[in-house]
Amino acid sequence: MDKFMKRAVELAAANVRNGGQPFGAVLVKENEIVAEGVNELHNTYDISGHAEMLAIRKAQSELQTHDLSDYTIYASGEPCPMCLAAMYLSGMKQGYYCASVETAAETGLGASQAIYADFKKPKSERKLSMKQIPLEEGQENPMEIWQNKQ
């Protein structure tokens with residue numbers, strides 16, 4: 001097993017022993033670990049406290065950048081949609097995982113699998129109903145403000 005994946009799995013196992021879920025992540029650049037994270041939901045009650053998110057946050061905060069395009073993430077479990085989106089938004093081009101979302105579901109951790117399945121449905125059929133509320137006439141448009149500043 002790759003040394004970085006081995007480290008991600010070690011972090012995940014330690015997290016389980018400490019009362020957390022079996023998820024660890026390692027962010028790597030040029031064959032060096034830049035940041036690590038484990039799910040901290042059991043400590044922080046922050047649903048976004050996933051291993052991958054925390055590793056990304058640490059790196060971006062320390063490096064003062066949003067651009068992680070030259071970085072690779074190693075995760076003990078297949079990233080959930082939120083973590084995967086953070087990887088996309090940070091510009092990552094490569095990542096590895098050990099346990100699949102299917103394996104996680106078999107062990108009672110099926111939220112990611114359910115969300116991925118829900119995303120495949122038309123918006124009108126998803127479990128979370130999201131409806132657009134357009135701007136009122138004459139209301140300031142933040143998107144236009146942004147566009148004009150570019």
Side-chain angles (χ1 to χ4, degrees), residues 1-18 20-130 132 141-150:
M1 179 180 281
D2 177 279
K3 68 180 180 179
F4 300 122
M5 183 58 74
K6 185 175 182 180
R7 177 64 181 153
V9 171
E10 289 170 353
L11 289 167
N15 199 44
V16 172
R17 287 191 289 279
N18 290 324
Q21 293 178 332
F23 300 107
V26 177
L27 189 61
V28 175
K29 182 178 181 183
E30 296 174 356
N31 214 29
E32 295 290 328
I33 294 175
V34 175
E36 298 178 336
V38 296
N39 274 37
E40 294 183 355
L41 305 176
H42 62 295
N43 289 330
T44 62
Y45 301 97
D46 173 2
I47 201 66
S48 69
H50 289 198
E52 301 90 336
M53 296 290 289
L54 295 174
I56 289 168
R57 284 180 190 153
K58 287 176 191 174
Q60 289 182 327
S61 178
E62 288 176 19
L63 301 167
Q64 295 293 291
T65 185
H66 293 168
D67 182 9
L68 299 179
S69 57
D70 293 331
Y71 295 74
T72 302
I73 198 151
Y74 294 80
S76 64
E78 186 172 357
C80 74
M82 173 183 63
C83 294
L84 189 62
M87 291 176 214
Y88 271 99
L89 292 169
S90 69
M92 278 187 219
K93 296 178 183 77
Q94 191 170 35
Y96 300 94
Y97 64 88
C98 191
S100 68
V101 293
E102 293 81 11
T103 299
E106 290 168 6
T107 63
L109 298 164
S112 291
Q113 186 179 32
I115 295 168
Y116 277 120
D118 210 43
F119 280 167
K120 292 178 182 177
K121 297 176 184 174
K123 290 179 185 178
S124 62
E125 295 176 20
R126 293 182 186 165
K127 289 182 181 180
L128 176 60
S129 173
M130 294 293 298
Q132 183 179 17
N141 185 334
M143 294 295 177
E144 285 180 7
I145 297 168
W146 170 258
Q147 188 176 29
N148 293 335
K149 286 185 77 173
Q150 300 310 305

Inset, instruction - Measure the OG1-CG distance between Thr72 and Leu27 for me, rounded to the nearest 0.5 Å. - result: 8.0 Å

Inset, instruction - Compare all side-chain heavy atoms of Gln113 with those of Cys80 and state whether any distance is below 4.5 angstrom. - result: no

Legend entry - Non-hydrogen side-chain atoms of Val34 and Tyr71 separated by less than 4.5 Å: yes

Legend entry - Donor-acceptor under 3.5 Å (Ser90 side chain, Ala86 main chain): yes

Legend entry - Donor-acceptor pair, side chain of Asn148 and main chain of Glu144, under 3.5 angstrom: yes

Inset, instruction - Supply the atom-to-atom distance Met53 CE to Ile47 CD1, rounded to the nearest 0.5 angstrom. - result: 11.0 Å

Legend entry - Distance (rounded to the nearest 0.5 Å) between Asn39 CG and Asn18 CG: 13.0 Å

Legend entry - Note, Ser69 side chain near Met92 side chain (heavy atom, < 4.5 Å): no

Legend entry - Side chains of Val26 and Leu11 in contact at under 4.5 Å (non-hydrogen atoms): yes

Legend entry - Atom of Ala35, atom of Ala55 and distance for their closest heavy-atom approach: CB-O, 3.4 Å

Legend entry - Residues, nucleotides or ligands: over 12 heavy atoms within 6.0 Å of His66 NE2: no

Legend entry - Distance, nearest 0.5 Å, that separates OG1 of Thr103 from OH of Tyr97: 9.0 Å

Inset, instruction - If the plane angle is over 60° it's perpendicular, under 30° parallel, otherwise tilted; pick one for Tyr74 and Phe4. - result: tilted

Inset, instruction - Answer yes or no: are there more than 12 heavy-atom neighbours, outside Glu125 itself, under 6.0 Å from its atom CD? - result: yes

Legend entry - Residue pair Leu68 / Ile56, side-chain heavy-atom distance below 4.5 Å: yes

Legend entry - Side-chain H-bond candidate by donor/acceptor type, Asp67 with Thr65, under 3.5 Å: no

Legend entry - Rounded distance [0.5 Å steps], CE in Met87 versus CD in Gln94: 12.0 Å

Inset, instruction - Spell out, as yes or no, whether a donor-acceptor pair under 3.5 Å connects the side chain of Asn15 to the backbone of Val38. - result: no

Legend entry - Inter-residue atom distance Glu62.CD - Arg57.CZ, 0.5 Å rounding: 14.0 Å

Legend entry - Which atom of Leu54 lies closest to which atom of Gly37, heavy atoms considered: CB-CA, 4.4 Å

Inset, instruction - Considering non-hydrogen atoms only, spot the tightest contact between Ser76 and Ala8 and give its length. - result: CB-O, 3.8 Å

Inset, instruction - Find out whether Met82 and Glu52 are in side-chain contact, i.e. whether some heavy atom of one side chain is under 4.5 Å from a heavy atom of the other. - result: no

Legend entry - Lys127 atom NZ, over 12 foreign heavy atoms within 6.0 Å: no

Inset, instruction - Quick one: which residue pairs count as a salt bridge (Lys or Arg N to Asp or Glu O under 4.0 Å) with a foot in residues 29-40, not counting sequence neighbours? - result: Arg7-Glu36

Inset, instruction - Taking the side chain as every heavy atom from C-beta outward, state whether Pro81 and Ser112 have any atom pair closer than 4.5 Å. - result: yes

Inset, instruction - Could you check if a side-chain atom of Val101 sits within less than 4.5 angstrom of a side-chain atom of Tyr116, using non-hydrogen atoms only? - result: yes

Legend entry - Asn141 side-chain N/O to Met143 backbone N/O, donor-acceptor pair under 3.5 Å: yes

Inset, instruction - Grab the two heavy atoms, one from Ser100 and one from Glu78, that are nearest each other, plus how far apart they are. - result: CA-OE1, 3.5 Å

